[in-house]
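Contents: one structure, followed by commentary.
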Amino acid sequence: MRPRSPRPTPTADTAPPRDRDFVTALARGLDILRAFRREGEALGNGELAARTGLSKSTVSRLTYTLHRLDYLSYHADTARYRLAPPVLSLGYSCLAGLKLRDLARPFMQALADHSGMPVAMAGRDRMSMVYLERCKGTDAVTLSIEVGAHIRLATSALGRACIAAHPPGERARLLDELRLHEGEAWPAIRPGIEAAIGECAARGYCTSYGDWKPGVNAVAVPFVPRDGTPILAFNCGGPAQTLTKARIEADIAPRLLDLVRRVAAVSP
């Protein structure tokens with residue numbers, strides 16, 4: 001299979017037509033901030049234009065404004081921008097308001113201690129899942145993914161659980177977005193998602209055996225808040241030689257299902 005062509009993430013220009021309350025300029029500015037994908041990444045206006053699908057002139061005005069507002073820092077020698085500390089303050093404000101983290105943490109840590117593997121809570125950020133909380137296990141060989149990190153929606157157990165928990169109509173729209181985003185890779189990715197949706201309906205959890213990253217297995221359970229806030233998912237993942245399929249099915253998955261039931265019982 002040929003490598004898939006990089007595609008810009010859907011942007012403000014894909015907003016529903018004739019939505020008079022939608023502020024396109026604001027959405028485009030947020031698209032610029034979203035375009036920074038790795039910690040400490042520096043991008044020029046041309047790279048930002050390629051990632052967002054916006055014109056270079058529009059990007060230039062937006063980066064100038066975001067720099068003046070201190071959301072981006074600018075290096076004159078390289079003509080590149082980086083995310084600046086005020087962006088981080090927005091993220092911490094979000095986490096501080098997510099009370100479910102505090103409620104779930106004791107249950108997550110108990111499973112991490114039992115399994116030796118990290119246990120995480122995540123929510124969807126477009127075509128990725130972003131880590132909102134993580135409890136470390138005791139095993140010396142574990143995945144090092146911290147709060148704020150993104151992993152792929154389509155191939156991770158967390159992402160598949162989130163997809164499976166959406167109502168059929170919303171799920172169909174999300175899968176259509178994924179199809180466009182994944183491009184030529186979609187035919188190979190789609191069967192795993194469809195299998196995960198069936199697995200979640202039958203067992204209550206989704207798995208990923210080396211699909212997200214070779215040699216890494218994971219199991220995830222969706223969590224649908226009663227207050228109408230976005231769907232979340234909890235997972236436990238680690239090296240395939242330690243977190244085997246048999247261990248997931250016999251031990252970890254039942255405990256993760258119980259974790260989510262306990263969190264649901266204490267959440268508002």
> Does any non-hydrogen side-chain atom of L232 lie less than 4.5 Å from one of L132?
Replying inline: yes
> D125: what forms a salt bridge (charged side-chain N to carboxylate O under 4.0 Å, His left out) with it, not counting sequence neighbours?
Replying inline: R34
> Can you name the residues that form a side chain to side chain donor-acceptor pair (under 3.5 Å) with Y64, not counting sequence neighbours?
Replying inline: R68
>> Per the salt bridge (Lys or Arg N to Asp or Glu O under 4.0 Å) rule, what does the pair list look like for residues 245-256, sequence neighbours excluded?
In response: R203-E249, D251-R255
> Would F107 and V266 count as a side-chain contact (heavy atoms from CB on, under 4.5 Å) if you check the C-alpha gap in whole Å, the side-chain angles of each, and the deciding distance to 0.1 Å?
Replying inline: CA-CA 11 Å; F107 304 116; V266 299; 4.1 Å; yes
> So which heavy atom on H67 is nearest to which on Y74, and how close?
Replying inline: CE1-CB, 3.8 Å
>> Enumerate the salt bridge (Lys or Arg N to Asp or Glu O under 4.0 Å) contacts for residues 226-237, please, sequence neighbours excluded, ordered by first and then second residue.
In response: none
> Is Q109 reaching over with its side chain to a backbone N or O of K136, donor-acceptor style, under 3.5 angstrom?
Replying inline: yes
> Who passes side chain to side chain contact (heavy atoms under 4.5 Å, CB included) against A161, sequence neighbours left out?
Replying inline: C206, A220, P222, A233
> Mind checking what makes side chain to side chain donor-acceptor pair (under 3.5 Å) contact with H166, not counting sequence neighbours?
Replying inline: none
> From I163 CD1 over to L175 CG, what is the distance, rounded to the nearest 0.5 angstrom?
Replying inline: 6.0 Å
> Minimum heavy-atom separation for H150 to S128, with atom names?
Replying inline: CD2-CB, 3.7 Å
> What distance separates L158 CG from N235 CG, expressed to the nearest 0.5 Å?
Replying inline: 3.5 Å
>> Among residues at least two apart in sequence or on other chains, which ones pass side chain to side chain donor-acceptor pair (under 3.5 Å) with R262?
In response: D258
>> Run the side chain to side chain donor-acceptor pair (under 3.5 Å) test against D77 and tell me which residues pass, sequence neighbours left out.
In response: none
> Any idea which heavy atoms bring V224 and A165 closest together, and the distance?
Replying inline: CG2-CB, 4.1 Å
> What residues form a salt bridge (charged side-chain N to carboxylate O under 4.0 Å, His left out) with E47, not counting sequence neighbours?
Replying inline: R80
> In chain order, what residues pass the side chain to side chain contact (heavy atoms under 4.5 Å, CB included) check against R105, with sequence neighbours excluded?
Replying inline: R101, D102, E133, C135
>> Suppose we screen for salt bridge (charged side-chain N to carboxylate O under 4.0 Å, His left out). Which residues come up paired with R124, at least two apart in sequence or across chains?
In response: none
>> Checking Y205 now: which residues fulfil ring pair (Phe, Tyr, Trp, His ring centres under 6.0 Å) with it, not counting sequence neighbours?
In response: none
